Enquirer: 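Before we start, here is the structure in question, set down as structure tokens.
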Amino acid sequence: MTKLTTTKPTKKTPGDQFQLLWEKIDKQKTRLASQEKRVHKIVDRFNSEILPLEREQARTQYQLIERLLTFFSRKSLTEWQRDDLFRWIQEELGMLSTNPFIEDGLNPSELLIRAEELLKQFYPQPEAAALSQSEREDIKGDIYRELGLEINDEEVELFLNSPAVFMQRMLEKEQADDLDWPEEDDEKQDDHFDAEDAKPVDGQAVGKALIHRLYKQLAKRLHPDLEQEASLKAVRHEQMQQLLEARTENDIYTLIELHRQHCDTDAIGQLKKRDLDDINELLRRQLRDMERQYEQTFMNNSMESTIWNRFRNVGRISTDQNFAEHTKALKADIKSNINLLKQLKTLKDLKQLLEDRVYG
């Protein structure tokens, strides 16, 4: 009986691992570039074909809510008519408030505040018992977990009594904080980087030192001041921007590629095994980051991702079909809002529409 012989897989050397990781990153870069191109194609088409309709739909809906609010305090409305009118306003406000494509100049928060004031006027609530301090802390904790906001006791009261005003104030507060955030000076950033390299504290020390060494070698070659001609100086400026970005993001792939293009020495050939092990670890991390970046296009909450996921080709439904169906729905909404605005001239018109909503 013949024995089957098995051979142990050959253990890859650091150089082999480097080459394999390099090829994988190269493929992932191509994959990301292809995806970015597809995303931008759909986003550009959306901005051209759909965005104007989205804004028109939001604008006509805003005008409809304004018109409905003017009727709410009319004394001749019966209880059921006022209740139904308020439900109608709430439905429209709910859709408008979640519309991410509202143009500048339209402020749904103002309509929410007006609706809240009318609600308090015609549906007065019994005065609630004063909150204990522990209840206030519970509310603060809930707000922080759900919205990431730290609020004080006064803002707790505002949240309970007027949610729309509360959210408006929080938005203004957040915008003010963004404006007050200090920008780091480039020179300070460089000093911080040098200090970090001077005192390595973890297993990435050699990798970080190599990144800094490659950066310095390349900066000497690519600095715009080395060129006299304006066109070449502009090219060097772009290359320096690419270099700075690569250093900031620990993009060892780009740094080595730039080194291969612009330096005579072989950066990899000069390395010891330990150095190469550290580079391979950096490349593995970079590859994982790029894989996560690819998946984030489908998962994050950015506007581009929202548009991409809504209109991309899925199964048998083509992108063209998604665009056509969404365009049709938006045009129908706009037409409906315009017709309602034309019909809603008097209180009698409103009462007829309310009756049609109930029995029609």
Side-chain angles (χ1 to χ4, degrees), residues 12 15-51 100-101 189 204 207-208 210-212 214-215 217-219 221-224 231-263 266-268 276 278-323 326:
K12 291 183 174 63
D16 294 335
Q17 293 174 29
F18 172 84
Q19 190 60 39
L20 182 62
L21 287 165
W22 189 270
E23 291 171 1
K24 285 184 177 181
I25 289 177
D26 201 39
K27 288 179 181 177
Q28 189 66 19
K29 278 185 173 287
T30 302
R31 188 184 185 206
L32 282 169
S34 176
Q35 183 193 55
E36 185 177 1
K37 186 176 180 181
R38 294 196 304 273
V39 170
H40 284 170
K41 184 178 179 181
I42 285 182
V43 170
D44 289 344
R45 182 176 176 184
F46 173 89
N47 289 336
S48 174
E49 298 179 20
I50 302 292
L51 185 58
F101 306 110
Q189 288 181 344
Q204 302 174 55
K208 289 182 178 180
L210 175 70
I211 285 174
H212 194 44
L214 290 174
Y215 169 79
Q217 290 175 4
L218 284 162
R221 294 291 187 101
L222 301 178
H223 202 285
S231 59
L232 293 176
K233 190 182 283 286
V235 171
R236 291 298 191 201
H237 179 74
E238 290 180 8
Q239 291 170 338
M240 275 299 296
Q241 290 297 111
Q242 185 184 11
L243 178 60
L244 284 165
E245 184 177 341
R247 188 194 69 172
T248 302
E249 297 180 0
N250 288 337
D251 183 354
I252 189 70
Y253 176 96
T254 298
L255 286 166
I256 294 173
E257 187 61 31
L258 286 170
H259 196 280
R260 284 176 169 175
Q261 293 173 14
H262 300 287
C263 297
D266 179 7
I268 300 303
L276 200 51
D278 285 297
I279 288 177
N280 286 342
E281 180 57 31
L282 288 174
L283 288 173
R284 287 188 194 96
R285 294 183 184 190
Q286 186 171 349
L287 181 59
R288 288 196 295 269
D289 288 343
M290 293 171 74
E291 289 168 348
R292 281 194 293 268
Q293 183 183 345
Y294 184 87
E295 294 301 326
Q296 281 300 314
T297 304
F298 304 96
M299 297 167 59
N300 68 30
N301 295 321
S302 70
M303 192 66 69
E304 283 193 349
S305 291
T306 300
I307 295 168
W308 166 252
N309 287 319
R310 174 64 182 82
F311 294 101
R312 67 190 175 95
N313 185 6
V314 179
R316 296 183 179 180
I317 304 175
S318 68
T319 296
D320 288 341
Q321 187 176 346
N322 283 329
F323 269 87
H326 197 65

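Only heavy atoms go into these numbers, but all of them, side chains included; no hydrogens, no water, no symmetry mates. Keep in mind the model is a prediction, meaning the values are calculated, not measured.
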Enquirer: I need the minimum non-hydrogen distance between Phe101 and Leu51, along with the two atoms involved.
Expert: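 For Phe101 and Leu51, the tightest heavy-atom pair comes out as CD2-CD1, 3.8 Å.
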
Enquirer: For the side chain of Thr248 and the backbone of Leu244, is there at least one donor-acceptor N/O pair under 3.5 Å apart?
Expert: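 The answer is yes, because a donor-acceptor pair under 3.5 Å joins these two groups.
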
Enquirer: Would a distance-only check, ignoring hydrogens and angles, find a side-chain to backbone donor-acceptor pair under 3.5 Å from Thr319 to Asn313?
Expert: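 Side chain of Thr319 to backbone of Asn313: a pair is present.
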
Enquirer: Any chance the side chains of Asp251 and Gln286 put a donor and an acceptor closer than 3.5 Å?
Expert: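 Yes, because at least one side-chain N or O of Asp251 sits under 3.5 Å from a partner of the opposite role on Gln286.
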
Enquirer: Compare every heavy atom of Trp22 with every heavy atom of Tyr253, then report the nearest pair and how far apart it is.
Expert: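 Nearest pair, atom of Tyr253 first, then Trp22: O-CH2, 3.3 Å.
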
Enquirer: Under 3.5 Å, is there a donor on one side chain and an acceptor on the other for Arg38 and Gln35?
Expert: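 Checked: Arg38/Gln35 side chains show no N/O donor-acceptor pair below 3.5 Å.
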
Enquirer: Might you point out which heavy atoms bring Met240 and Pro224 nearest each other, and give the distance in Å?
Expert: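 Heavy-atom minimum between the residues: CG-CD, 3.6 Å.
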
Enquirer: Among His223, His262, Gln261, which one satisfies side chain to side chain contact (heavy atoms under 4.5 Å, CB included) with Gln239?
Expert: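 Exactly one candidate clears the test, His262.
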
Enquirer: Kindly check if the number of other-residue, nucleotide or ligand heavy atoms within 6.0 Å of CD (Gln296) is above 12?
Expert: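 More than 12 heavy atoms, drawn from other residues, nucleotides or ligands, come within 6.0 Å of this atom.
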
Enquirer: List the atom of Leu214, the atom of His259, and the distance in Å for their closest heavy-atom pair.
Expert: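 Minimum heavy-atom separation between Leu214 and His259: CD2-CD2, 3.4 Å.
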
Enquirer: Within 45° of the ring axis of Tyr294 and under 6.0 Å from its six-membered ring centre, is that where the NZ or CZ of Arg31 lies?
Expert: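 That pair qualifies as a cation-pi contact.
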
Enquirer: Measure the spacing between CG of Leu283 and CE of Met290 and express it to the nearest 0.5 Å.
Expert: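 Answer for the CG-CE pair, Leu283 versus Met290, is 10.5 Å.
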
